[in-house]
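Comments concern the structure below.
The model shown is predicted, which means the values in this text are computed figures rather than measured ones.
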2 protein chains.
Amino acid sequence: MVPDAIPALKTQQPGKDPGKDPGKDILAELPAYDLIELFFFAYRDFVSDPDRILDEYGFGRAHHRVLHFVSRQPGLTIAELLDILRITKQSLNRVLKELLEKNFIESRTGTSDRRQRLLFATAQGHELALKLAKLQTRRIMRALSEMEPEAKELVSGYLLRLIDPDDTAHVKQLVFGPKETHKET
Amino acid sequence: MVPDAIPALKTQQPGKDPGKDPGKDILAELPAYDLIELFFFAYRDFVSDPDRILDEYGFGRAHHRVLHFVSRQPGLTIAELLDILRITKQSLNRVLKELLEKNFIESRTGTSDRRQRLLFATAQGHELALKLAKLQTRRIMRALSEMEPEAKELVSGYLLRLIDPDDTAHVKQLVFGPKETHKET
DNA sequence: AATTTTATGTCAGCCTTGTTGACATATCTC
DNA sequence: GAGATATGTCAACAAGGCTGACATAAAATT
């Protein structure tokens, strides 16, 4: 039913490429359709899990992201959160305000710098964050359980390398903790 | 600066869990924070690449997804596209209409079933789709190049297993082609 | 042949979550 | 004290989801 075409090739080298250099160069340029599409489908399903639960609380995905990182990093500041999420403070403020009002997050004035707001998840906030994390963990574990033990290290190494090089150090610190240097396989 | 807390544990077993069963059960329930967060960061950067180019054409990510799958699967029907993207026909129609008007996609009446619309990328459409796919491929290849040769197979196996089990067969067919059965590592 | 189902299109309105720009306040730094 | 910084807030807008209702052509069923 669905034609099994490879339009990329048809469009790319439809007569002859004036650049020449066949072989490995062409391979390097051949789109990795499989990984591109699998990434799309996997992410689609991965983020869909929490949606139903979030709905019950009147929250959306934006709330989830904020709650997750605050729960994981108690004392996170607004600036750090903005840097992680890469959204504007106005966007953040909208969802953050709701999380504060509904008592899932609380904000305390910074001690060393009283301009800062330090964000903490409340008991209720931690509970919801954990519930959602567990849901996603179940999916991850299902996938990993069918694979070699080294799979986890390999996958996390891959995902880390997919990130913008300027950001890997920052992400590494956020994900694995500030202390460890962490070496990859 | 950032506390290295593990709120999950604090919140989960803060006194004693009446459920009991310590040991491996707790391990199974421990959230895979690293993979959850790396997935978020990696996807964030992965989809950001095409954004600048899409901007030049007045398109967004929604257009990208539609164009990508139509380009990959010439003759795709509306129904199949809706099933892939998991959005409503109204949402699809909005972006599809623009892709048709700007001549990146064309629609032909189905031959066997004249109710259907078969979608095809135009030359211009293929060109843009390929440009975007190459951009994402570059990122993927950069990551893979630093890893073992088996990494690609392992990663695609992982992503495939992350997908809803009911969908894996369908996705496999879409991604790897209808003929092959494809066995994983 | 008449009826029902299916594939698609379209109008109208709403929600979430992103954006920009402007401006206010408290606090820190120099 | 002046300027920079961290945050908050108002207003308006855009993209891209959603629901519900209704229309049409073609296929399928009875």
Side-chain angles (χ1 to χ4, degrees), chain A residues 1 40 43-44 47-48 50-52 54-70 75-102 105-120, chain B residues 1 40 43-44 47-48 50-52 54-70 75-102 105-120:
Chain A
M1 181 180 277
F40 164 75
Y43 195 78
R44 181 195 68 177
V47 297
S48 80
D51 282 355
R52 305 152 222 163
L54 288 162
D55 245 25
E56 299 168 14
Y57 293 81
F59 293 144
R61 287 178 190 177
H63 301 87
H64 183 194
R65 286 179 219 124
V66 171
L67 179 60
H68 174 92
F69 286 106
V70 170
L76 205 61
T77 66
I78 302 290
E80 287 170 322
L81 199 42
L82 288 177
D83 190 45
I84 290 172
L85 301 176
R86 299 265 182 85
I87 58 176
T88 59
K89 64 176 175 177
Q90 294 93 327
S91 290
L92 171 58
N93 223 280
R94 189 160 35 204
V95 296
L96 181 55
K97 204 186 289 183
E98 290 170 1
L99 287 164
L100 289 165
E101 282 166 0
K102 292 192 183 172
I105 287 181
E106 65 176 33
S107 157
R108 301 179 202 153
T109 298
T111 48
S112 62
D113 185 337
R114 295 177 42 80
R115 289 172 303 182
Q116 294 182 325
R117 301 286 167 251
L118 307 187
L119 303 174
F120 298 86
Chain B
M1 183 180 274
F40 164 75
Y43 196 79
R44 180 193 68 177
V47 297
S48 80
D51 282 355
R52 305 153 222 162
L54 288 162
D55 245 26
E56 300 169 13
Y57 293 81
F59 292 144
R61 288 177 190 177
H63 301 86
H64 183 195
R65 286 179 220 123
V66 171
L67 179 60
H68 174 94
F69 285 107
V70 170
L76 205 61
T77 66
I78 302 290
E80 287 170 321
L81 200 41
L82 288 176
D83 190 46
I84 288 173
L85 301 175
R86 298 266 182 84
I87 59 177
T88 59
K89 64 177 174 177
Q90 295 92 328
S91 291
L92 172 58
N93 224 280
R94 187 161 37 202
V95 296
L96 182 54
K97 203 186 289 182
E98 290 169 2
L99 286 164
L100 289 165
E101 283 165 1
K102 293 192 183 173
I105 288 182
E106 65 177 33
S107 158
R108 303 177 202 154
T109 298
T111 48
S112 61
D113 185 338
R114 294 177 42 79
R115 289 171 303 180
Q116 294 182 324
R117 302 284 168 252
L118 308 188
L119 303 173
F120 297 85

Could you tell me the separation between the CD1 atom of Ile87(B) and the P atom of dT8(C), rounded to a whole number of Å?
-> 14 Å

Considering all heavy atoms of both residues, which atom of Ala62(B) and which atom of Val95(B) are nearest to each other, and what is their separation?
-> CB-CG1, 3.7 Å

Spell out protein contact along nucleotides 24-30 of chain C as letters: B when the base is contacted, S when just the sugar-phosphate is, - when no protein heavy atom is under 4.0 Å; keep the 5' to 3' order.
-> --BBS--

Find the bend of the helix from dA1(C)-dT30(D) to dC30(C)-dG1(D) as the angle between its two terminal axes (five pairs each), to the nearest 10°.
-> 30°

Heavy-atom distance under 4.5 Å between the side chains of Leu96(B) and Val70(B), does that happen here?
-> no

May I ask you to check whether Tyr43(A) and Phe40(B) place their ring centers less than 6.0 Å from one another?
-> no

Mind checking side-chain contact (heavy atoms from CB on, under 4.5 Å) for Asp113(A) and listing every partner two or more places apart, or none if nothing turns up?
-> Arg115(A), Gln116(A)

Between dA7(C) atom P and Leu76(B) atom CG, what is the distance in whole Å?
-> 14 Å

Distances for protein N or O near nucleotides 12-16 of chain C N or O, under 3.5 Å:
none

Enumerate, atom names and distances included, each donor-acceptor pair closer than 3.5 Å involving a side-chain atom of residues 86-94 of chain B, sequence neighbours excluded.
from: Arg86(B); atom 1: NH2; to: Asp167(B); atom 2: OD1; distance (Å): 3.2
from: Arg86(B); atom 1: NH2; to: Asp167(B); atom 2: OD2; distance (Å): 2.6
from: Thr88(B); atom 1: OG1; to: Ser91(B); atom 2: N; distance (Å): 3.3
from: Thr88(B); atom 1: OG1; to: Ser91(B); atom 2: OG; distance (Å): 3.2

Nearest 0.5 Å please: distance from the CG atom of Leu119(B) over to the CG atom of Leu100(B).
-> 7.0 Å

Taking only N and O in the side chain of Ser91(A), is any of them less than 4.0 Å away from OP1 or OP2 of dT19(C)?
-> yes

Can you tell me how far CG of Leu85(A) sits from CD of Glu80(A), rounded to the nearest 0.5 angstrom?
-> 11.5 Å

What integer distance in Å separates Leu82(B):CG from dA7(C):P?
-> 11 Å

CG/Leu99(B) to OH/Tyr57(B) distance, rounded to the nearest 0.5 angstrom?
-> 12.5 Å

Students should find that the nucleotides of DNA chain D closing off the region near chain B, any atom under 4.0 angstrom from a heavy atom, are dG16(D) to dA27(D)

To the nearest Å, give me how far apart CG (Asn93(B)) and P (dA7(C)) are.
-> 16 Å

For Arg65(A) and for Ser107(B), find the nucleotide of DNA chain C with the closest heavy atom, then tell me which residue's nucleotide is more 5'.
-> Ser107(B)

To the nearest Å, how far apart are Glu80(B) CD and dT6(C) P?
-> 17 Å

Side chain to side chain, Arg117(A) and Arg108(A), heavy atoms closer than 4.5 Å = no

Could you tell me whether the side chain of Lys102(A) and the main chain of Phe59(A) form a donor-acceptor pair under 3.5 Å?
-> no

Any chance you could measure Ile105(B), atom CD1, to Lys97(B), atom NZ, to the nearest 0.5 Å?
-> 14.5 Å

Expressed in angstrom and rounded to an integer, what is the separation of Leu81(A) atom CG from dG18(C) atom P?
-> 11 Å

Ignoring hydrogens and geometry, is there a side-chain-to-backbone donor-acceptor pair from Arg44(A) to Ile84(B) under 3.5 Å?
-> yes

Side-chain contact, heavy-atom cut-off 4.5 Å: Leu81(A) with Thr77(A)?
-> no

